[in-house]
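What follows is a set of notes on a single structure, which appears directly below.
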Amino acid sequence: MTAQTAPNAHFPRLFEPLRIGGITLDNRVVMGSMHTGLEDRLWDTPKLAAYYAERARGGVGLIITGGFAPSRTGQLLPFAGKMTNRADVLRHREFTKAVHAEGGKIALQIIHAGRYGYTPFKVAAGSEPSPIHPFKHLKMTEQIIWHVIRSFGTAAQLAHRAGYDAIELMGGEGYLINQFLCPHTNDRTDKWGGSTENRQRFLVEIIKDVRRKVPREFPVILRQSVADFVKNGQTFDEIALLAKRAEEHGVDAINTDIGWHEAQVPTIVTSVPRGAFVKFTERLRDVVDIPLIASNRINTPDFAEEILERGKVDAVSMARPLLADPEFVDKARTGRADEINTCIGCNQACLDHAFVGQKVSCLLNPRAGRETVLTLGATRTAKRVAVVGAGPAGLSAAVSAAQRGHRVDLYEAGPAIGGQFSIAARIPGKEEFNETIRYFTRQLEINHVAVHLDTRVGAQELIDGGYDQVIVATGVVPRVPAIDGIDHPMVMSYADAVLGHREVGKRVAVIGAGGIGFDVTEFLTTDESPTLNLKEWEQEWGVTDDLDTPGFLTEPRPMPAVREVYMVQRKPGKQGKSLGKTTGWVHRAAVKMKGVEQISGATYDRIDDAGLHITLHDKEGNEVGKRLLEVDNVVVCAGQESVRDLVDPLTAAGVITHVIGGADLASELDAKRAIRQGTEVAAGLP
Ligand code: FAD
Ligand code: NAP
Ligand code: SF4
């Protein structure tokens, strides 16, 4: 056996080569398609090329691009990325060249948005409008259908000319092909609607046209929805039949896809159990012989290896994990899995950005999508740097500065690193946040940061320490609102409640309904063992295994709440408006399922032995009544205040001082800003 073919010592299955059509991937990690926002404008071409190149350099088996439309009617937005002519081919060559120069492989994803287009020019299979997008669409005529079919073939042909190693046809997530496949959106009565065969005709004709226009060895991958999670979605028989027909007509691999964008089942947020949907892919093993690729909530090499070991899927698709750490694959290959910056499924800088038209990045890796502008090159003038506070801001500053070659002392008042993020990690469904603590622990170690725990450092010590620069990342403390009775023994901060410093009774009022108010409410209503097993999670969200149930949806059966909780805020109107675009609905649904009473437009009169006394107001601010919430405890989640006591004395003493994270600004603070500021301040050091 040659060295090249010897199994990898750490993850033998993951690093087995995989043949897809005429190409062989070095390993079984496929970077799933992600729209970064860099696809759409010509001037972003070098940035997108650099982003792909960094991931190819990190060793991923195959990169699948964000979706590019085969025609103007299929664009995700007006002027969005497309592959329709020779000018597009020239642009796309920049991507393929950049990836090939790093020894990687790249496939173009061809997507027609259908009714999911954010454009007034959109067309779709049926009459049902999109519930999540504005603009009416035009129901496709026979002529338009054939035009779109041929445009897929042409886009594939152009992709081949542009040097792509493969193409992927987006047939899931509720985009046009998926819209044809499901009665949910296909109400046609002609040969493109009605029977299963008719609904599948559109995709089959696309595959035939693509195959006519590209060489047989050029791989065609189908992104196939294996669980629509919408009413009148496909049954398993339909999915299996489609997979079989796709294989017969020349598809070389099936990359499986879960859930439409409008589905009311979470499919990728952090609270979804890891690998929750792999079984939907595995079911196709007995149906087709071509490679099957599993996806969704697979974020570590160990877990990927475990899936592959089961022997039913051939590769794993990871999209966000490669945003979080472009070196994911190389680290796994060389036995450094503990150095991986593991995606925590928060969506805060990736999908949340995409859905509001902002460029995609990563909460954990602010360089993602900014590879050409945020660089962390080695310093030529190593400095002595003190970082105060080991929350996300201080951790990212310390690690990034040390990676650049500075000598870093990190001071933390508490007994462990993590700051407020460690409290977050205790929330049910946020267990992934522990991976970030593990990542930083390891990075501090390998980058030789001197960590001083249990050390509340003062300004004079820092001044006496003779540091060249000091980074103040002292974060925040919970706000104590001025409410009569706030010092009553029944009142506690969110930190005390979540960290278990205080016992919490059976009836609780939560003051504040921001991100932390929602998290704490979920914590208080869920039982002690926070992680739901997959069966319980499926029951909560109404997912069924029954193969005959269209869309695999059933009646949700939530676990009962373990406490009676009131969530109160002063603002009138719906609670949770500030939560993430793609995750907020999950939190709102979760507290609703637990029967939490949400009270808005309240003012806090007092807290006494009887409970929390509030006055209620309507939307115009007029008083409409008074209420006593008879509770055992009040948990305060009323925002935070910055800890900045070091800043003035350090500045007065002439020390070069940087202030980042919560210490800089407590309002609208999250770990995304904290980590970004930490990385940027380190990048800006000499
Ligand atoms: P902090 O995390 O407050 O860290 C500051 C650190 O400095 C502390 O460890 C403190 O002990 C130390 N320190 C202070 N003074 C000194 C001193 N003089 N000497 C030495 N050490 C000192 N954010 C998100 O983005 N997404 C989420 O989903 C999310 N969920 C959350 C859920 C909960 C329940 C909570 C509580 C927070 C959540 N957050 C979330 C918020 C996120 O944790 C904070 O925004 C982030 O931790 C702020 O980082 P920081 O480094 O600025 O400050
Ligand atoms: P927040 O979202 O700003 O919410 C603070 C809450 O406290 C609001 O409901 C506010 O509502 C209330 N409040 C503010 N001042 C008050 C006062 N003086 N008295 C009584 N109530 C008061 O902040 P947070 O919940 O503390 O979260 C902190 C940050 O962590 C957030 O910015 C968030 O981005 C981040 N986080 C994110 C997530 C996530 O899932 N993405 C989860 C948790 C935390 P009223 O003013 O209406 O009363
Ligand atoms: Fe993962 Fe959050 Fe980064 Fe998105 S922003 S890639 S979900 S860690």
Side-chain angles (χ1 to χ4, degrees), residues 34 268-270 299 319-325 341-353 360-365 368 388-397 410-414 416-427 430 432-433 436 452 455-459 472-483 494-495 498 511-520 523 567-572 575-576 578-580 583-584 587 600-604 636-640 642-643 645-646 660-664 666-675 677-678:
M34 275 178 292
I268 60 168
V269 302
T270 188
N299 61 344
R320 297 170 302 166
L322 273 294
L323 264 186
D325 196 335
N341 201 357
T342 305
C343 165
I344 56 172
C346 67
N347 285 0
Q348 284 175 242
C350 52
L351 271 192
D352 283 353
H353 280 204
V360 160
S361 188
C362 172
L363 174 140
L364 301 170
N365 172 23
V388 189
L395 288 169
S396 65
L410 173 63
Y411 294 97
E412 168 52 49
I417 66 163
Q420 298 265 311
F421 214 66
S422 305
I423 309 178
R426 302 262 189 130
I427 302 295
K430 282 196 169 177
E432 292 284 4
F433 285 40
T436 307
H452 311 271
T455 309
R456 181 171 292 277
V457 76
V472 176
T474 44
V476 288
V477 286
R479 175 181 288 130
V480 182
I483 300 171
Y494 61 78
V498 176
I511 290 184
I516 293 179
F518 269 84
D519 273 1
V520 168
F523 174 86
M567 214 159 69
V568 194
Q569 72 173 24
R570 297 173 304 178
K571 283 185 287 294
Q575 296 187 346
S578 64
L579 299 176
T583 53
H587 293 293
S600 299
T603 47
Y604 306 106
V636 181
C637 306
Q640 288 98 20
S642 296
V643 177
D645 48 311
L646 297 175
I660 58 170
D664 175 35
S667 77
E668 298 189 9
L669 169 68
D670 58 11
K672 177 175 74 171
R673 168 159 62 87
I675 291 177
Q677 283 186 304

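Predicted, not measured: the structure shown is a model, and the values here were computed from it. Whatever order the structure lists ligands and atoms in, that order sets their numbers, starting from 1.
- Within a radius of less than 2.8 Å around atom 1 (Fe) of ligand 3, the protein N, O or S atoms are C343 SG.
- At the top of the distance list for atom 28 (C) of ligand 2, counting protein heavy atoms only, stands Q640 OE1, 3.4 Å.
- Geometrically, ligand 1 and K430 share a nitrogen or oxygen pair separated by less than 3.5 Å.
- Nearest protein heavy-atom neighbour of atom 42 (C) of ligand 2: K430 NZ, 3.4 Å.
- Contacts of Y494 classified as ring pair (Phe, Tyr, Trp, His ring centres under 6.0 Å), with partners at least two apart in sequence or in another chain: none.
- No part of A671 comes within 4.0 Å of ligand 2, judged by heavy-atom distances.
- When R479, K672, R570, K571 are ranked by how near their heavy atoms come to atom 11 (O) of ligand 2, first place goes to K571.
- The distance criterion of under 3.5 Å between nitrogen or oxygen atoms is not met by V388 with respect to ligand 1.
- Between G662 and ligand 1, at least one N/O pair is under 3.5 Å apart.
- With Q420 as the fixed residue, the side-chain contact (heavy atoms from CB on, under 4.5 Å) test singles out one of D670, V477, V476: V476.
- For atom 23 (O) of ligand 2, the closest non-hydrogen atom on the protein side is G639 CA, 4.2 Å.
- Atom numbering of ligand 1 starts at 1 in the shown order; those under 4.0 Å from a heavy atom of A674 are 49 (O).
- The N/O atoms of D519, backbone and side chain alike, include none that comes under 3.5 Å of an N/O atom in ligand 2.
- V476 counts as a contact of ligand 1, since one of its heavy atoms falls under 4.0 Å from the ligand.
- The shortest N or O to N or O distance between P392 and ligand 1 is below 3.5 Å.
- The salt bridge (Lys or Arg N to Asp or Glu O under 4.0 Å) search around R456 returns none, not counting sequence neighbours.
- Every residue two or more places apart in sequence or in another chain was checked for a salt bridge (Lys or Arg N to Asp or Glu O under 4.0 Å) with K672, and none qualifies.
- For the pair I511 and ligand 2, the shortest N or O to N or O distance does not fall below 3.5 Å.
- Geometrically, ligand 2 and G514 share a nitrogen or oxygen pair separated by less than 3.5 Å.
- Considering backbone and side-chain N/O of L669, one or more are found under 3.5 Å from N/O of ligand 2.
- Any N or O atom pair closer than 3.5 Å counts here, and A393 shares at least one such pair with ligand 1.
- Polar contact check, A513 against ligand 2: a nitrogen or oxygen pair lies under 3.5 Å apart.
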